[in-house]
Amino acid sequence: MRMHRKDNLDSRLLACKEVLTLADLSQKNMKLAAEIKEYLDLKAIFGNDNPVHLEVGCGKGAFVSGMAKLHPDINFIAIEKVSNVIVTACENAIASGIKNVHFINCAAEVLPKYFKENTFSRVYLNFSDPLPKKGYLSQRLTHPRMLKVYASLCKEGAQLWQKTDNKPLFDFSLDSFKEVGWQIKEVCLDLAANPFEGNVITEHEQKFMDEGKPIYRAVAEVKKVN
């Protein structure tokens with residue numbers, strides 16, 4: 001079902017400019033959009049040279065805001081292609097006074113438009129859309145073509161951390177990591193039974209656990225694209 005457009009969305013997005021880079025959404029071809037470079041000056045945005053982590057598909061921002069509070073010495077970039085959703089993440093971050101998160105309302109394919117190579121030390125994928133229909137597999141955020149996008153922007157030795165409640169997507173992701181030569185460092189088939197220190201559990205994640213659904217987690221080390 002199509003999401004109802006929030007009232008005053010455009011003005012609300014503009015009001016979040018201190019934490020939000022508004023993407024140019026006029027170019028619908030993602031490959032072409034990524035080729036028109038508008039690199040962000042992260043030092044100007046954050047005021048420091050701290051390591052930068054990326055969350056792809058941040059939703060309403062609970063995870064990235066929680067991580068930013070736990071790790072004030074790390075800068076976080078969070079992207080979400082649905083403007084109707086990311087505006088809530090931005091408003092909540094502003095209300096909480098969080099200074100080490102910056103948002104962009106763009107798709108993952110467009111990341112090379114805004115970031116240079118060797119920018120990120122870690123990538124987070126949390127409860128991504130599993131896109132179960134066979135014709136949509138190439139759109140999954142852990143498809144090899146997307147992993148190559150992340151790798152091009154990551155530092156040597158960077159990691160991708162994934163959490164999902166969808167076993168078919170998880171298995172697909174592990175296969176994708178192997179296909180592009182990434183080393184799988186950790187695999188957890190039930191995060192509730194095997195918690196780790198520093199895990200930010202969002203309302204979405206807690207709901208799954210309350211329903212008795214296992215949460216799958218993987219950590220893979222990025223292999224740079226030659």
Side-chain angles (χ1 to χ4, degrees), residues 50-81 89 98 100-104 107-108 111 115 118-131 140-209 213-225:
N50 290 343
V52 185
H53 291 186
L54 168 71
E55 184 182 13
V56 178
C58 70
K60 295 180 181 179
F63 175 83
V64 75
S65 291
M67 289 293 288
K69 291 175 183 177
L70 280 178
H71 303 284
D73 56 339
I74 295 174
N75 298 325
F76 292 87
I77 294 292
I79 70 167
E80 169 58 57
K81 65 181 180 180
I98 298 172
N100 56 326
V101 178
H102 193 77
F103 299 89
I104 310 176
L111 281 166
F115 301 101
N118 302 311
T119 293
F120 301 111
S121 301
R122 187 178 296 167
V123 178
Y124 301 99
L125 296 176
N126 295 307
F127 304 97
S128 307
D129 189 338
L131 297 169
R140 286 178 168 177
L141 291 177
T142 52
H143 189 276
R145 74 178 186 90
M146 293 308 307
L147 298 183
K148 292 173 184 177
V149 172
Y150 312 143
S152 70
L153 303 175
C154 281
K155 295 179 178 293
E156 191 69 41
Q159 292 184 338
L160 184 148
W161 289 22
Q162 180 191 27
K163 289 192 290 185
T164 179
D165 64 304
N166 188 283
K167 186 62 161 54
L169 173 63
F170 189 66
D171 292 339
F172 174 90
S173 301
L174 295 179
D175 288 341
S176 293
F177 298 149
K178 294 173 184 176
E179 183 176 330
V180 297
W182 292 14
Q183 184 177 0
I184 299 172
K185 296 290 198 178
E186 297 179 36
V187 173
C188 176
L189 301 181
D190 188 349
L191 187 54
N194 299 278
F196 68 96
E197 185 177 356
N199 182 34
V200 173
I201 300 175
T202 67
E203 182 180 354
H204 190 64
E205 183 175 348
Q206 188 64 54
K207 176 178 178 291
F208 288 139
M209 290 193 294
K213 294 182 179 179
I215 303 300
Y216 306 98
R217 178 175 183 264
V219 175
E221 185 173 306
V222 175
K223 180 179 180 180
K224 292 292 293 178
V225 177

Verdict with supporting geometry, Phe127 and Phe208, ring pair (Phe, Tyr, Trp, His ring centres under 6.0 Å): CA-CA 11 Å; Phe127 304 97; Phe208 288 139; 5.6 Å; yes
Value rounded to 0.5 Å, distance of SG in Cys58 from OH in Tyr124: 13.5 Å
Val52 to Ile77 - nearest heavy-atom pair and separation: CG1-CG1, 3.9 Å
Donor-acceptor pair, side chain of Lys155 and main chain of Asn118, under 3.5 angstrom: yes
Minimal non-hydrogen separation, Phe120 against His53, with atom names: CD2-C, 4.1 Å
Within-4.5 Å side-chain heavy-atom neighbours: His102 and Asn75: no
Min side-chain heavy-atom separation Gln206-Met209 under 4.5 Å: yes
Whether Glu221 side chain and Gly157 backbone form a donor-acceptor pair below 3.5 Å: no
CA sep, side-chain torsions, deciding dist, call: Ile104, Phe115, side chain to side chain contact (heavy atoms under 4.5 Å, CB included): CA-CA 11 Å; Ile104 310 176; Phe115 301 101; 3.6 Å; yes
Rounded distance (nearest 0.5 Å) linking atom CG of Leu160 with atom CG of Leu147: 7.0 Å
Side chain proximity check, Met146 to Thr142, heavy atoms < 4.5 angstrom: no
Straight-line distance of Asp171 CG to Ser176 OG, nearest 0.5 Å: 11.0 Å
Atom of Phe63, atom of Lys163 and distance for their closest heavy-atom approach: CE1-NZ, 4.3 Å
Pairwise side-chain contact, Lys69 with Ile98, heavy-atom cut-off 4.5 Å (strictly under): yes
Residue of the set Asn126, Asp165, Leu191 for which side chain to side chain contact (heavy atoms under 4.5 Å, CB included) holds with Glu205: Leu191
Minimum side-chain heavy-atom gap Val187-Phe170 below 4.5 Å: yes
Any side-chain heavy-atom pair of Phe172 and His143 under 4.5 Å: yes
Atom pair CG (Asp190) and CD1 (Ile215), whose distance is rounded to the nearest 0.5 Å: 8.5 Å
Point-to-point distance, once rounded to the nearest 0.5 Å, from CD1 of Ile184 to CD of Gln162: 10.0 Å
Working for side chain to side chain contact (heavy atoms under 4.5 Å, CB included), residues Phe103 and Val101: CA-CA 7 Å; Phe103 299 89; Val101 178; 3.4 Å; yes
Main-chain N/O of Leu141 paired to Tyr150 side chain as donor or acceptor, under 3.5 Å: yes
Backbone of Ile74 reached by a side-chain donor or acceptor of Asn100 within 3.5 Å: yes
Interatomic spacing from NZ in Lys207 to NZ in Lys213 - rounded to 0.5 Å: 5.5 Å
For the student: nearest non-hydrogen atoms of Leu169 and Asn166, plus distance: N-OD1, 2.8 Å
Any side-chain heavy-atom pair of Arg122 and Trp161 under 4.5 Å: yes
Heavy-atom pair of closest approach, residues Val123 and Cys154: CG2-SG, 3.7 Å
Backbone N/O of Ala151 and side chain of Lys224: donor-acceptor pair under 3.5 Å: yes
Shortest non-hydrogen contact between Ala108 and Val149, atoms and distance: O-CG1, 3.9 Å
Full working for side chain to side chain contact (heavy atoms under 4.5 Å, CB included) between Phe196 and Glu186: CA-CA 12 Å; Phe196 68 96; Glu186 297 179 36; over 6 Å; no
